[in-house]
Amino acid sequence: MSGVSPTETLDPARVRELFDLRSSYNAFMGGGYQEDPYPTWHRLREEAAVHPGVVHTLTGYDGQAFFAGLPFEDRPHFSAFSYAACDAAYRDAEVFASATEPVDPNVGSPNPLNSMLSMGGTRHRQYRALVQPSFVPNKAQWWIRNWIEQTVHLLIDNVVDQGRAELNVDFCAAIPVLTITGSFGVPVDQALDIRAALSQPDKIVGMIKPIVAARRESPQDDLISILVEAELADEHGVTQRLTDAEIYSFVLLLLSAGSGTTWKQMGITLTALLQRPDVLRAVSEDRALLAPAIEEALRWTPTDPMFSRYTTRDVDFYGVHIPEGSVLHLCLGAANRDPARWDRPDDYDITRTRRPSFAFGGGVHVCLGMHVARAEMRVGISALLDRLPNLRLDPDAEAPRFVGMYERGATEIPVVFG
Ligand code: HEM
């Protein structure tokens with residue numbers, strides 16, 4: 001078996017240094033935003049389903065948030081705030097494309113955008129079909145058994161005797177990176193090196209390269225082995241294996257799409273529960289309530305409340321004329337609290353009738369890793385409830401708040417237990 005061996009340990013000081021919260025909410029994603037955007041998003045949705053402009057400016061944030069503006073400063077921007085408008089855009093991937101132009105992972109240097117995320121049509125379908133089997137709900141146990149469970153317990157081992165912890169960094173942060181790198185066949189000590197090199201694709205490729213070569217020689221029970229054996233059929237039905245370049249871009253996509261997201265979303269879920277001790281107790285006593293608690297947190301406060309689409313032709317959309325080549329921001333956070341779909345949308349209520357939300361996006365690009373993310377959150381939170389009795393927010397520390405514009409998450413989550 002690959003991944004974390006039970007004898008390995010995680011150096012808590014290194015984890016804290018690598019997952020420092022101050023650097024994790026960065027300007028690129030509007031990390032300076034400290035308010036609650038939902039009242040403004042309600043007002044904007046009531047005024048119109050679609051507005052000209054970008055989400056952060058419309059929300060009244062004039063700090064930095066490059067994610068939304070660059071590299072498209074020269075294109076017109078629009079933003080959708082209703083569930084119906086986001087749904088319509090997600091359903092029509094031909095008019096509302098995921099990228100401004102087609103990508104080819106074999107051209108240019110490996111990077112997360114040079115991947116299925118930016119592909120459309122048949123090509124996207126073919127690439128996605130290759131990897132989908134490793135990410136279906138039935139594969140959750142494969143991820144849990146091989147990588148998630150051991151990582152979660154290593155992290156709890158570090159705090160269990162201390163009576164207190166800061167769950168955002170001591171716990172939530174490292175689980176997704178170690179899960180993904182574990183699935184690549186990278187041992188824990190090197191996994192932390194990958195985290196350290198997260199903004200340097202060349203370095204990461206350097207670490208993955210020998211693994212790809214080794215798995216081409218002798219496949220194992222891990223994701224890189226599945227990728228090296230996968231066959232892609234071209235339009236003439238001729239099959240080919242993925243090139244190293246295609247595998248590298250996919251690896252970089254998984255690291256960038258699956259790490260910060262699951263970290264922040266697990267912290268949001270824990271915060272929602274810790275701030276409602278009755279709900280936390282109910283979930284602790286009946287673990288069947290954990291899945292609805294996670295789903296409701298995804299709806300109520302999705303960590304990524306905005307994704308962009310690019311119009312491939314002129315379109316009249318919810319009363320607004322959007323010219324070809326425009327950027328349309330889908331404000332998924334606003335859509336997830338649309339009162340046309342959910343009663344009392346601002347309430348975090350784990351007993352509400354579950355209806356799919358847009359926390360994982362929608363349409364053909366719906367999150368590939370959603371079942372892995374759910375498994376990480378479920379196993380992680382359940383293990384905390386099992387091993388840290390009487391878990392509660394530290395009454396002497398500052399209470400957690402949600403911050404950030406395009407990547408939202410909790411400030412510190414200080415807890416005591418025992
Ligand atoms: C709670 C955690 C997560 C959230 C909230 C999240 C959210 C999303 C969203 C909203 C999209 C759609 C983007 C769009 O519309 O353009 C997406 C796509 C994607 N996500 Fe996630 N994600 C999470 C975890 C993960 C994990 C753990 C992985 C991998 C192990 C992953 C891999 C991907 C990939 C590969 C795509 C692109 C799919 C495609 O283009 O067909 N995500 N994610």
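Each ligand, and each atom within it, is numbered from 1 in the order the structure gives.
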Report task. Enumerate the atoms of ligand 1 whose separation from the nearest heavy atom of Ala373 is less than 4.0 angstrom. Result -> 1 (C), 2 (C), 24 (C)
Requested in this report: Ignoring angles and geometry beyond distance, decide whether Arg128 reaches within less than 3.5 Å of ligand 1 through its nitrogen or oxygen atoms.
Outcome: yes
Query raised in the report: Can you tell me which residue and heavy atom of the protein come closest to atom 35 (C) of ligand 1, and the distance to 0.1 Å?
Result: Leu253 CD2, 3.6 Å
Query raised in the report: Touching ligand 1 at all, Tyr127? Heavy atoms, strictly under 4.0 Å?
Result: no
Query raised in the report: Between Asp304 and ligand 1, does any nitrogen or oxygen pair lie at a separation below 3.5 Å?
Result: no
Query raised in the report: Is the charged tip of Arg337 near the ring of Tyr38: under 6.0 Å from the six-membered ring centre and within 45° of its axis?
Result: yes
Query raised in the report: Looking at Phe317 versus Phe78, is the centre-to-centre ring distance below 6.0 Å?
Result: no
Query raised in the report: Do Glu246 and Thr243 have side-chain atoms, one donor and one acceptor, less than 3.5 Å apart?
Result: yes
Query raised in the report: Atoms of ligand 1 less than 4.0 Å from Leu254 heavy atoms?
Result: 29 (C)
Requested in this report: State, yes or no, whether a side-chain contact exists between Ile224 and Val251 at a heavy-atom distance under 4.5 Å.
Outcome: yes
Query raised in the report: With a 4.0 Å cut-off on heavy atoms, is Thr262 touching ligand 1?
Result: yes
Report task. Tell me which protein heavy atom sits closest to atom 33 (C) of ligand 1, plus the residue, atom name and distance to 0.1 Å. Result -> Ala257 CB, 3.6 Å
Query raised in the report: Taking the six-membered ring for Trp, are Phe250 and Phe135 parallel (under 30°), tilted (30 to 60°) or perpendicular (over 60°)?
Result: perpendicular
Report summary line: Nearest non-hydrogen protein atom to atom 7 (C) of ligand 1, with distance, is Ala359 O, 3.6 Å
Query raised in the report: At a non-hydrogen distance cut-off of under 4.0 Å, which region of Met266 contacts ligand 1 (side chain, backbone, both, or neither)?
Result: neither
Requested in this report: Determine, for Asp157 against Arg387, whether the closest basic-nitrogen to carboxylate-oxygen distance falls under 4.0 angstrom.
Outcome: yes
Query raised in the report: Does the side chain of His56 pick up a donor-acceptor pair with the side chain of Tyr33 at under 3.5 Å?
Result: no
Report task. Considering the heavy atoms of His124, write down every atom of ligand 1 situated less than 4.0 Å from one of them. Result -> 39 (C), 40 (O), 41 (O)
Query - Nearest non-hydrogen protein atom, atom 8 (C) of ligand 1 - result: Cys367 CB, 3.7 Å
**Report entry** Distance-only N or O hit between ligand 1 and Tyr90, under 3.5 Å
**Finding:** yes
Query raised in the report: In the protein, what heavy atom is nearest to atom 30 (C) of ligand 1, and what distance, to one decimal place, separates them?
Result: Phe135 CE2, 3.8 Å
Query raised in the report: Which of the listed options, Gln265, Gln132, His371, holds the heavy atom that is closest to atom 1 (C) of ligand 1?
Result: Gln265
Query raised in the report: So which protein heavy atom does atom 34 (C) of ligand 1 come closest to, and at what separation?
Result: Leu368 CB, 3.8 Å
Query raised in the report: What class does the angle between the rings of Phe402 and Trp300 fall in, given that below 30° is parallel, 30 to 60° is tilted and above 60° is perpendicular?
Result: perpendicular
Query raised in the report: Which of these, Thr271, Ile268, Asn336, sits in a side chain to side chain contact (heavy atoms under 4.5 Å, CB included) with Thr301?
Result: Ile268
Query - Protein heavy atom at shortest distance from atom 37 (C) of ligand 1 - result: Leu117 CD1, 3.6 Å
Report task. Determine whether the side chain, the backbone, both or neither of Phe360 has a heavy atom under 4.0 Å from any heavy atom of ligand 1. Result -> both
Report task. Identify the protein heavy atom lying closest to atom 26 (C) of ligand 1, giving its residue, its atom name and the separation to 0.1 Å. Result -> Gly258 CA, 3.3 Å
Query raised in the report: Between the candidates Arg309, Glu376, His365, Arg374, which shows the shortest non-hydrogen contact distance to atom 14 (C) of ligand 1?
Result: Arg309
Query raised in the report: Are a donor atom and an acceptor atom from the side chains of Gln132 and Arg128 found within less than 3.5 Å of each other?
Result: yes
Query raised in the report: If you measure only the distance, is there a donor-acceptor pair under 3.5 Å linking the side chains of Trp143 and Thr179?
Result: no
**Report entry** Close approach, Pro302 and ligand 1, non-hydrogen under 4.0 angstrom
**Finding:** no
Query - Side-chain donor-acceptor pair present, Asp346, His42, cut-off under 3.5 Å - result: yes
Report task. May I ask you to check whether Gln34 and Arg401 show a side-chain donor-acceptor distance below 3.5 Å? Result -> yes
